[in-house]
Amino acid sequence: MKILLIIPSYNEENNILKVYNQIKEYNDDIKNELKIDYIVINDCSNDNTLKVLQDNNMNYIDLVSNLGIGGAVQTGYKYAFINGYDIAIQFDGDGQHDINFIKDIYTPIIEAKTDICVGSRYLNKESSKFRSTFMRRVGKNIISFFIKIFTGKSVTDPTSGFRAVNKNIIKLFAEDYPIDYPEPESIVNIIKEGYEIKEVPVSMNERIGGKSSIDIFKSIHYMVKVNISIIIDGMRFRKKREKVK
Amino acid sequence: MTTTLRIVLIGIAIIYLWLIIIAVRKRKMQASIATFWILTGILLIVAVVIPNFIETISNILGFEQTSNMVFCLTIFMAFCALLYLTMLVSKQSKKCITLIQEISILKKKVEELEKNIN
């Protein structure tokens, strides 16, 4: 069972080393029998991210031109597909995600209970210290509501970028992945393709430094765009597919 | 329509068509896209040569003035062209993204191979 951690990073010179050390710690821990590989996707950072990656001899792909989060993550899925990984896990390079939850996220996939497993901040009330602001929760609820209407599935944390997928979805994502705001759109896409989705409770840390997008117009634009794409994708019929082997 | 206006319009239409044909010949425009633009030029010539033709259509469709129909048609065709261009841009950018991704993955492989050789 080969597991790959896909770490998209854009201007993360301060955080990427911490993430790297966490992965090393995780692999050194004898309790974790399944070792994980990782790939950092450097999306043309303007800061010293590339130098940090080179100096520490990390496994990275340096994109020749800036693609944004969707294109960067898809590069990771392509890499996973080419190298025959069984499971790919998306993991943020900004230290928002906690490596200790990785096992929770990939276990349902190993047990073949689902095709994609999403780490949710909202599934378990106590599980997460960081649950973001009120407005963000409202936005997330609206997205969840539209997903529920158009797919019939309840997804408590549709914008979560902490997710593990199996071989089938790696192939699907390598071929076709939404570019702008990929998380909610890809969830709808997966459900419509007839795959199973499952959520597990995780806790996330507040983003250390970096910019938060409080810009009201950007938020509204984001909400409109995401929901329209959910509606367009949502009007497809769901493909019938055999349960996960 | 006065004769002078007609001659001027036909002159414009011919120059317009000539520009398109030159662009195609110099491979600055794909023939498939050029068909649309050539069609608009021919339409202009038809409208100038047989004005009754357009007037009749306009009357049948119920436009109060022929010019209204012409403007309406022009705007509609411009929108179609825009829509087509937007689709083209999306398609191009997707191809671009794929290229960037594949090149970046290849670059990584090449660097690894170089390291192994040295």
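A quick note: this is a predicted structure, and the numbers were derived from the prediction, not measured. Letters A, B, ... are given to chains in the order of the sequence lines, protein chains preceding strands, and every chain is numbered from 1.
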Open item on the list: With a 4.0 Å cut-off on N to O distance, would you call A/Lys171 and A/Glu175 a salt bridge?
Closed with: yes
Open item on the list: Donor-acceptor check, side chain of A/Lys192 to backbone of A/Gly234, threshold 3.5 angstrom: yes or no?
Closed with: yes
Open item on the list: Strictly distance-based, threshold 3.5 Å: is any side-chain N or O of A/Asp233 a donor or acceptor partner for the main-chain N or O of A/Arg236?
Closed with: no
Open item on the list: Below 4.5 Å, heavy-atom pairs only: which of A/Ile41, A/Asp62, A/Ile179 has the largest tally toward chain B?
Closed with: A/Asp62
Open item on the list: Looking at A/Glu12, is its backbone amide N or carbonyl O close enough to the side chain of A/Thr49 to form a donor-acceptor pair, meaning the two atoms are under 3.5 Å apart?
Closed with: yes
Open item on the list: Heavy-atom cut-off 4.5 Å, strictly under: side chain, backbone, both or neither for B/Thr98 against chain A?
Closed with: both
- [ ] Name the region of A/Leu63, side chain, backbone, both or neither, that has any atom closer than 4.5 Å to a heavy atom of chain B.
- [x] both
Open item on the list: Taking side chain as everything from C-beta outward and backbone as N, CA, C, O, which of these in A/Asn66 sits under 4.5 Å from a heavy atom of chain B? Side chain, backbone, both or neither.
Closed with: neither
Task: Residue-level contacts of residues 82-92 of chain A with chain B, using a heavy-atom cutoff under 4.5 Å - done: A/Ile82
Open item on the list: Keeping A/Thr151 on the side-chain end and A/Ile147 on the backbone end, is there a donor-acceptor pair under 3.5 Å?
Closed with: yes
Task: Expected output: side-chain B/Ser104 to main-chain A/Val64 donor-acceptor under 3.5 Å - done: yes
TODO: Measure centre to centre between the rings of A/Phe101 and A/Phe162, then say whether the value is under 6.0 Å.
DONE: no
TODO: Please confirm whether the backbone N or O of A/Gly119 pairs with a side-chain atom of A/Ser160, one donor and one acceptor, at under 3.5 Å?
DONE: yes
